[in-house]
Colleague: 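Once you've had a glance at the structure underneath, I'll fire off some questions.
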Amino acid sequence: MKFRTHNAIRYTLEHLFRIACGRKVDLRNLQVVDGSVHLMIEDLHLAFRMCSDEDFDRLLKAKLPLDTVDAFDSHHKIPIINPDHRPLFRRENSRLFIEADIISLPFILLSSLDELLSTDKDAHDRVRYENSLMCKYGLSRIPLVDEYAFFLRRELEQLISVESRATQIIATHDIDETLRYPDFKSKLRALVGALRRGDNLKKIGREIVRSSRDHTLDPYYHGVVQLSDDAHAAGLQSVFFFPTARRGKHDRNLSIDNPVLQPLFERLRRNGAEIGIHPGYETFRDANEMRRQVRLLEKTLNDKITCSRQHYLRIDLSQTFDHLQACGIETDYTMGFAAEEGFRNGTSHPFHPYDFAADAPYRILCKPLTAMDVTLWQYKQYNRTEALASLQSLLATIRRVQGDFVVLWHNQYVIDNDWYAEVYRRFLGLA
Ligand SMILES: [Zn+2]
């Protein structure tokens, strides 16, 4: 039971029961006996089966065959570890036996254990989606942990009180570049680019003239305002992540003391938006640089910063959460794959990542990223109809399990952008 320690099992079941019951359930009486897990909730004794250590190792390599069952509401089929094909639940008086293993795979997904063990990285030093269990077991569109929790809810709601939760769409925005035309060089580059491609020269020229007269008409700046106004109009919670990194190849943000920013922050706050930090490209393994950037944003806003998303979704699971926590970050929005929309950690509910060094959950809370704009056209090569259908079907899946949909849309893809009009605004019900 190398990875499935007592703490790890309790951590997994706490998340499952929080979703199943809609509230925190005290699991301090949990015991692990001969590879089964026993706990008492009120007068009910629950006993969970778990697969053997050999099967757990095969599971980590995606070599363990899974059984398939109907979801709690028959919405779709879901995979499960149930080698003897038994009925999932068996009741005997005040005892409830859970005959399939609903702990091992949720633990791997929530803790990202498969990703931690994956050494093959992409050009940005990120775990590759195709190496994840989510990909290998075909789980990208199935919030497997939530599905198991709703199996539990179906059994428990006759016996103990459960609470429902409303799904929220959370609109989140990484403001990598606040202005498209911050200086002479950027204007020249845009003009040369348009000339070379032989298109849009007139449009770019007009944009540059307009933006030079009035920076609020710069398309990226205007994009931030539009995103915020639209989130406000749709009644959505929204978070804008601002970078404070020093400029570099991958960090192209304005200096945080640029005078165009303060009025923008005020506008966002008037709309009820939250402002978080977008830690720069190199911060995922640099605690000091992370701290410098968070403090700089706090100084600029004269406020504490408690939420964050890593630039390029770059995260080192063995250290980045430690650094974020040390800076006072309480909520992180990084956990999604750039290459695939859906459920990187098998859940659409906020969850704590797992600290394997401490054998305990982190304090920090992850709000999992469901879908990002560039994933749709760049990685998945969808057309706009397919993209909208993908977002809508994920939302329908999430509503069943009462989770949240965190969408990431960049301010660069807003003004004069068909995807913004035909995918994003339609998804929010604004068009
Ligand atoms: Zn970014």
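All figures in this text were calculated on a predicted structure; none of them were measured in a lab. Counting convention: from 1, in listed order, for ligands and their atoms alike.
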Colleague: Quick one: which of Gln310, His278, His311, Arg291 gives a side chain to side chain contact (heavy atoms under 4.5 Å, CB included) with Thr283?
Modeller: Gln310
Colleague: Under the 6.0 Å and 45° cation-pi test, does Arg153 pair with Phe150?
Modeller: yes
Colleague: Are Val423 and Leu391 side-chain neighbours, meaning at least one heavy-atom pair lies under 4.5 Å?
Modeller: yes
Colleague: Please determine whether side-chain hydrogen bond (donor to acceptor under 3.5 Å, both in side chains) holds for the pair Asp101 and Ser104, giving the CA-CA distance in whole Å, both sets of side-chain angles, and the decisive distance to 0.1 Å.
Modeller: CA-CA 7 Å; Asp101 179 349; Ser104 297; 2.6 Å; yes
Colleague: Taking only protein atoms, how many N, O or S atoms are found under 2.8 Å from the Zn ion (ligand 1)?
Modeller: 3
Colleague: Does atom NE2 (His352) have a neighbourhood of more than 12 heavy atoms from anything else shown, all under 6.0 Å?
Modeller: yes
Colleague: Tell me whether the guanidinium CZ or amine NZ of Arg344 lies under 6.0 angstrom from the six-membered ring centre of Phe337 and within 45° of its axis.
Modeller: yes
